[in-house]
Amino acid sequence: MLRFKRFASHHAYQGTLNLSKTQFPNRSNLATSLKLVPEYSENVYKAQLKGFLTKYRALETEEEKLRYVKDNLFVLHDGPPYANGELHMGHALNKILKDFINRFQLSQGKTVFYRPGWDCHGLPIEMKALKDLDDTEKMDALKVRELARNHAYKSLDRQREQFRKYGIMTDWDTPYITMDKSFEINQLKIFRKMFRDGLIKRQNKPVYWGTETRTALAESELEYNENHVSTAAYVKFPLTDESVRELSSRLDPSIEINKGISCLIWTSTPWTLFSNRAICFNDNFNYVLAAVGKDLIIAEKNLIRNLHNSNELEILADFPGKFLTGLRYENPLTPELDACPLLHGDHVTDNAGTGLVHTAPGHGHDDYFLGTQNGLEIYSPVDHEGRYNINDLPESCKNFLFDAKSGRGRKVLDPETTTIILNLLSEKQALHMSHKYTHSYPYDWRAKKPVIIRATPQWFADLHDVKGLALKSLENVQFYPKRGVNRLSSFIRSRNEWCISRQRSWGVPIPVFHHRENSDNILIDDKILQHIVKHIEDKGIEAWFDPNSPVSDWLPEEYKSLSKDYTKGTDTMDVWFDSGSTWTVVKDFYEKELKLKTLPEPLSSVYLEGSDQHRGWFQSSLLTKVSSSLTPTAPYKEVITHGFTLDEKGTKMSKSIGNTVAPESIIEGDKSKKIPALGIDGLRYFVAQSDYTTDISVGPTILKHVADALKKCRLTLRFLISNLEISSTFELVPISQLREVDKYTLYKLNNLQEEIHELYKQHNFSKALVSLQFHMNNELSSFYFDISKDSLYSNGVNDLKRRQIQTTLFHIYDAYRAILAPITPSLVQESWNYLPKQWLNSNRNEHPSLRTWPKFSIGHGEISNFGVTVIPILRQFKDLFSRFSDETITKPSQVAVDILYTKEMPFTSDLLCDILQVAEVNTKKVSSINDTTSVITLEDGNKISLSLNVSQMHKCPRCWIHKAQEEDTLCSRCETVLQGKSL
């Protein structure tokens with residue numbers, strides 16, 4: 001037996017131990033992780049797509065190809081970010097969530113098609129491009145478009161370089177861009193198809209109008225200010241003498257009326273009173289004729305009482321709404337106009353106002369529909385800047401509404417304008433009262449200014465029939481979270497038309513011709529549209545905006561004789577029509593790259609964007625797809641939405657407040673905000689651990705927890721790799737030949753995999769990480785790693801137990817690689833590069849992102865005894881050890897454990913010794929156990945009792961376990977290992 005000299009250091013045997021070693025650093029390095037990005041992102045994306053195409057092109061029949069695509073291809077269609085400004089946390093959240101999904105699908109053997117895109121047209125880019133220039137009003141459209149295009153390209157390139165840092169798996173060099181000619185042609189073809197089907201119409205009707213941006217706006221371009229303050233007014237509109245007599249005849253004959261009667265209306269937009277063409281009532285309500293001071297007024301029965309105290313009010317008559325039918329009144333602001341009608345309107349409510357609704361068909365949607373039904377004038381004397389058109393106003397109003405400073409009409413939203421109107425009403429004794437009114441009001445989301453509603457000639461997509469098909473198609477779409485279907489459906493259900501025209505230069509043109517003498521005379525049909533699309537394919541879209549490009553070039557031969565009478569239209573399409581047409585990118589991939597004649601439906605597996613896109617991109621994509629396809633199906637199979645990013649106090653991030661956290665601050669660190677440098681994986685881990693279905697808070701405290709969790713992952717992988725470095729064979733032991741504890745560990749690992757696999761399928765990344773961290777802490781760090789270290793370090797390299805443990809460690813690493821690859825691909829790639837590849841046998845060149853999830857065929861029956869026997873013993877031991885009375889005992893390795901049991905003990909003393917990490921375990925079967933304080937009763941009725949004693953053995957100077965027969969000598973295990981070795 002080898003003797004250990006008392007004077008020798010205990011570290012004398014350190015060189016004989018198989019201590020873990022690896023070059024894999026225990027800290028991340030930003031420079032290293034940035035260098036790795038192409039390796040696990042663009043290179044992987046190109047490789048997997050190339051492999052798919054190689055197999056696909058070897059297929060012969062259309063049926064085989066279509067089946068192969070359906071079985072193997074996963075398409076996540078990218079909602080295009082806007083090519084303007086810097087990226088913020090919302091951009092990072094969106095792109096990284098998409099990457100989680102794509103990488104998981106890749107690990108399941110799918111090929112991922114994910115082409116990133118950019119939305120490049122529209123007002124914000126145009127305004128940004130012209131921001132520092134003077135006299136842009138006189139700039140021609142071609143110059144505006146040149147400046148806007150250049151700005152969009154610069155922003156796109158800058159954003160692309162920022163996106164690359166997030167480790168997104170895609171080909172950044174082949175994005176789709178909405179200002180590319182091929183995309184614009186596809187968009188025009190959708191427009192043509194919708195026009196051919198009678199869905200595109202031009203109408204003079206009220207639209208939301210941005211007075212700052214000077215263009216029509218869609219509902220999706222509005223944001224609502226809940227604290228907007230208007231000056232509201234109660235205004236008296238006198239009935240004509242004839243109508244007073246008519247109403248008197250309908251009332252109780254005992255009621256004597258000897259003076260005029262006025263209809264009392266309430267409005268929060270006094271500037272629209274000049275456009276009043278009717279007053280609406282509701283047949284189903286009861287109205288009253290009331291004396292208020294010297295006035296006789298009509299209002300809804302309950303609302304008038306809310307307006308005035310009983311001592312101010314004398315009710316003269318109570319009558320049904322139908323009594324107002326056929327009556328007429330005069331507008332005190334426009335005495336030169338004919339009397340206007342009182343009309344029934346279903347939109348009239350009895351919860352606010354007076355039950356009599358001022359109706360201006362040129363300034364309200366309900367007003368417009370009622371106006372068209374009743375032949376009212378659609379009148380809107382307001383220009384594109386939100387000023388009154390003086391020439392369009394009645395003579396009696398011109399002087400009041402003229403602004404001497406500008407030499408033009410006053411701005412309708414100017415508070416001074418409102419004051420002038422109220423004063424004018426007072427002079428005419430038509431103002432009953434006015435007050436400040438705080439309410440929700442639509443604002444232009446770009447200009448952050450209140451909008452107006454004004455009637456202008458615009459192009460609309462008719463959705464009356466389309467929305468039914470769209471809603472039907474949603475029955476086959478899955479939503480995450482599920483409430484998304486109700487939100488999207490409600491927006492579509494309430495939408496009858498979509499204003500698709502914009503009065504700007506930077507966009508896809510609406511390809512129509514206007515008569516030179518009368519712009520409302522339009523020249524457009526399917527032949528003309530076909531010719532225009534072909535001409536743009538040949539000459540490019542800029543030719544449309546070139547004043548030197550003659551109209552005759554744009555017309556088919558049979559129409560060329562009309563060219564002298566017409567000019568090209570200047571309106572462009574709503575950018576939501578642009579982004580709503582992006583599903584054609586996927587369609588082109590199928591048709592042009594895969595040469596498929598029959599396309600899979602839906603075209604894409606997933607659409608994922610912020611929750612605001614229920615009223616934006618999700619909706620516009622669905623409407624254009626259903627409107628222009630032969631099969632009215634949704635363009636997506638799943639719709640996933642995420643919330644917005646807030647600071648740690650739950651406040652919306654704002655540059656003006658100074659509470660923003662940029663993605664780069666998380667990657668690189670920001671001392672001023674007390675944010676540690678977390679690298680690419682830190683940013684991605686933060687996204688994954690958040691509940692993205694709601695708004696997400698980010699700040700130093702949250703990111704500190706992310707740093708701790710990420711460090712735990714890195715150190716876990718490092719432990720696994722470092723203990724796989726030293727091996728004699730680098731061969732995995734068959735699972736059937738592993739120890740019970742190894743099988744149990746793999747069984748728990750397999751359960752973890754199955755749980756996280758299901759969570760990934762549900763896109764529940766945060767819960768997946770909770771499960772992973774729990775497993776890491778409870779099954780690995782405090783159990784399997786702990787009980788394995790002694791055998792890994794002290795047993796011989798060829799020892800079977802050590803090889804069994806290494807096999808288990810490799811399987812743990814492979815499972816953690818699979819689980820972490822979608823979320824922290826940089827960490828996985830870096831660790832993989834340090835993994836001894838001998839463990840992979842013939843697959844040494846395999847990429848960690850392309851390697852599928854491992855599977856372990858371990859049934860519950862194989863580990864059932866272990867789970868119900870050993871784990872309770874371990875827990876009981878830990879409890880007893882924590883209360884051990886001998887203060888000289890500090891480690892389990894100094895303890896001997898005696899175990900009594902009443903039935904069979906299915907595990908050996910050696911295995912229990914390993915698991916408890918004690919010096920020795922002695923077991924003895926007994927008929928009964930009387931001591932109830934430390935007794936475990938197992939499921940099969942077996943009773944087990946543990947008692948702890950100080951080991952009578954001595955500390956081995958090599959493994960430090962009290963197993964040596966004599967002091968300062970090696971234990972039998974270490975002596976055997978060192979036989980033939982020199983120290």
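Hydrogens, waters and symmetry mates play no part in the numbers below; they use all other heavy atoms, side chains included. Only a predicted model underlies this, so the values are computations on that prediction, with no experimental measurement involved.
For residues 762-774, there are no salt bridge (charged side-chain N to carboxylate O under 4.0 Å, His left out) pairs, not counting sequence neighbours.
Of the possible donor and acceptor atoms, one in the side chain of S831 sits under 3.5 Å from a partner among the backbone N and O of V828. In terms of modelled atom types and a separation under 3.5 Å, the side chain of Q917 and the main chain of S893 share no donor-acceptor contact. D790 places no side-chain N or O within donor-acceptor distance of the main-chain N or O of D914, the cut-off being under 3.5 Å. In this structure, the side chain of S33 engages the main chain of L30 through a donor-acceptor pair within 3.5 Å. With D99 contributing its side chain and M169 its backbone, the two residues share a donor-acceptor pair below 3.5 Å. A donor-acceptor distance shorter than 3.5 angstrom exists from the side chain of Y813 to the backbone of W832, with no hydrogens or angles considered. T807 places a side-chain N or O within donor-acceptor distance of the main-chain N or O of V733, the cut-off being under 3.5 Å. A donor-acceptor pair is defined here as one N or O able to donate and one able to accept, closer than 3.5 Å; no such pair exists between the side chain of E920 and the backbone of S951. Between the Q804 side chain and the Q737 main chain, a donor and an acceptor come within less than 3.5 Å of each other. Not one N or O on the side chain of Q773 forms a donor-acceptor pair closer than 3.5 Å with the backbone of V770.
Note that CD1 of I936 is 4.5 Å distant from CD of Q876, once rounded to the nearest 0.5 Å. Note that the CG atom of L835 and the CD1 atom of I721 stand 6.0 Å from one another [nearest 0.5 Å]. Remark: L769 CG to L759 CG distance equals 10.0 Å, nearest 0.5 Å. For the atom pair CZ of R718 and CG of L827, the computed distance is 12.5 Å after rounding to the nearest 0.5 Å. The CD1 atom of I873 sits 8.5 Å away from atom CD1 of I915, with the distance rounded to the nearest 0.5 Å. Separating the OG atom in S794 from the CG atom in N18 is a distance of 8.0 Å, to the nearest 0.5 Å.
Using a 4.5 Å cut-off on side-chain heavy atoms (C-beta onward), E830 and L36 make contact. Here the side chains of H962 and H954 are not in contact, with every heavy-atom distance at 4.5 Å or above. By the 4.5 Å heavy-atom criterion applied to side chains, S727 and P836 are not counted as neighbours. Within the 4.5 Å cutoff, side-chain heavy atoms of I871 are placed close to those of Y744. Taking 4.5 Å as the limit, every side-chain heavy atom of L717 sits out of range of all side-chain heavy atoms of R817. Considering only heavy atoms from C-beta on, Q894 stays 4.5 Å or farther from V950 through its side chain. In this structure, V606 and N102 have side chains that are not in contact, with every pair of non-hydrogen atoms separated by 4.5 Å or more. The side-chain heavy atoms of F783 and N778, taken from C-beta on, include no pair separated by under 4.5 Å.
The two residues K801 and N795 make their nearest non-hydrogen contact at CD-ND2, 3.9 Å. Taking every heavy atom of both residues into account, W853 and I819 meet most closely at CH2-CG1, 4.0 Å. Of all heavy-atom pairs between V897 and I899, the closest is CG1-CG1, 3.9 Å. Minimum heavy-atom separation, G167 to I680: N-CG2, 4.2 Å. When all heavy atoms of K712 and M776 are compared, the closest pair comes out as CG-SD, 3.3 Å. Minimum interatomic distance between Y685 and C713 (heavy atoms only, all atoms of both residues): CE1-SG, 4.2 Å.
Side chain to side chain, H763 and E638 meet the donor-acceptor criterion of an N or O pair below 3.5 Å. In the model, N833 has a side-chain atom that pairs as donor or acceptor with a side-chain atom of Q829 under 3.5 Å. Between the side chains of N798 and S728, at least one donor N or O sits under 3.5 Å from an acceptor N or O. A donor-acceptor pair shorter than 3.5 Å cannot be found between the side chains of Y760 and S107. Side-chain atoms of S41 and R103 form a donor-acceptor pair, as typed in the model, at a separation below 3.5 Å.
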Decide yes or no on side chain to side chain contact (heavy atoms under 4.5 Å, CB included) for I96 and I168, but give the supporting numbers first.
CA-CA 7 Å; I96 290 171; I168 309 301; 4.2 Å; yes
Show the numbers, then the answer: is there a side chain to side chain contact (heavy atoms under 4.5 Å, CB included) between E779 and L752?
CA-CA 10 Å; E779 300 294 343; L752 175 72; over 6 Å; no
Side chain to side chain contact (heavy atoms under 4.5 Å, CB included) assessment of I666 paired with L678
CA-CA 6 Å; I666 297 177; L678 300 182; 4.0 Å; yes
Mind running side chain to side chain contact (heavy atoms under 4.5 Å, CB included) on F719 and L715 for me, showing each step along the way?
CA-CA 6 Å; F719 177 86; L715 294 180; over 6 Å; no
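Each of I640, N764, V687 was evaluated against Y692; a single residue qualifies, I640, per the side-chain contact (heavy atoms from CB on, under 4.5 Å) test.
Between K711 and D708 no salt bridge is recorded (no basic side-chain N to carboxylate O distance below 4.0 Å). At a threshold of 4.0 Å, the pair R714-D681 does not count as salt-bridged, since none of the basic side-chain nitrogens sits closer than that to a carboxylate oxygen. Under the 4.0 Å criterion applied to side-chain N and carboxylate O atoms, R973 and D799 are not assigned as salt-bridge partners. Under a 4.0 Å N-O distance rule, the pair R851/E846 qualifies as a salt bridge.
Residues meeting the ring-ring contact (aromatic ring centres under 6.0 Å, His included) test with Y114, sequence neighbours left out: none.
For F907 and F866, the ring centers sit closer than 6.0 Å to each other. Checked against the 6.0 Å centroid threshold, F74 and F113 do not count as a close aromatic pair.
The 12-atom threshold is exceeded at NZ of K110, counting heavy atoms of other residues, nucleotides or ligands nearer than 6.0 Å. Counting non-hydrogen atoms of other residues, nucleotides and ligands closer than 6.0 Å to NZ of K837 gives a total above 12.
Classification of the F730-W839 ring pair by plane angle, with boundaries at 30° and 60°, yields perpendicular.
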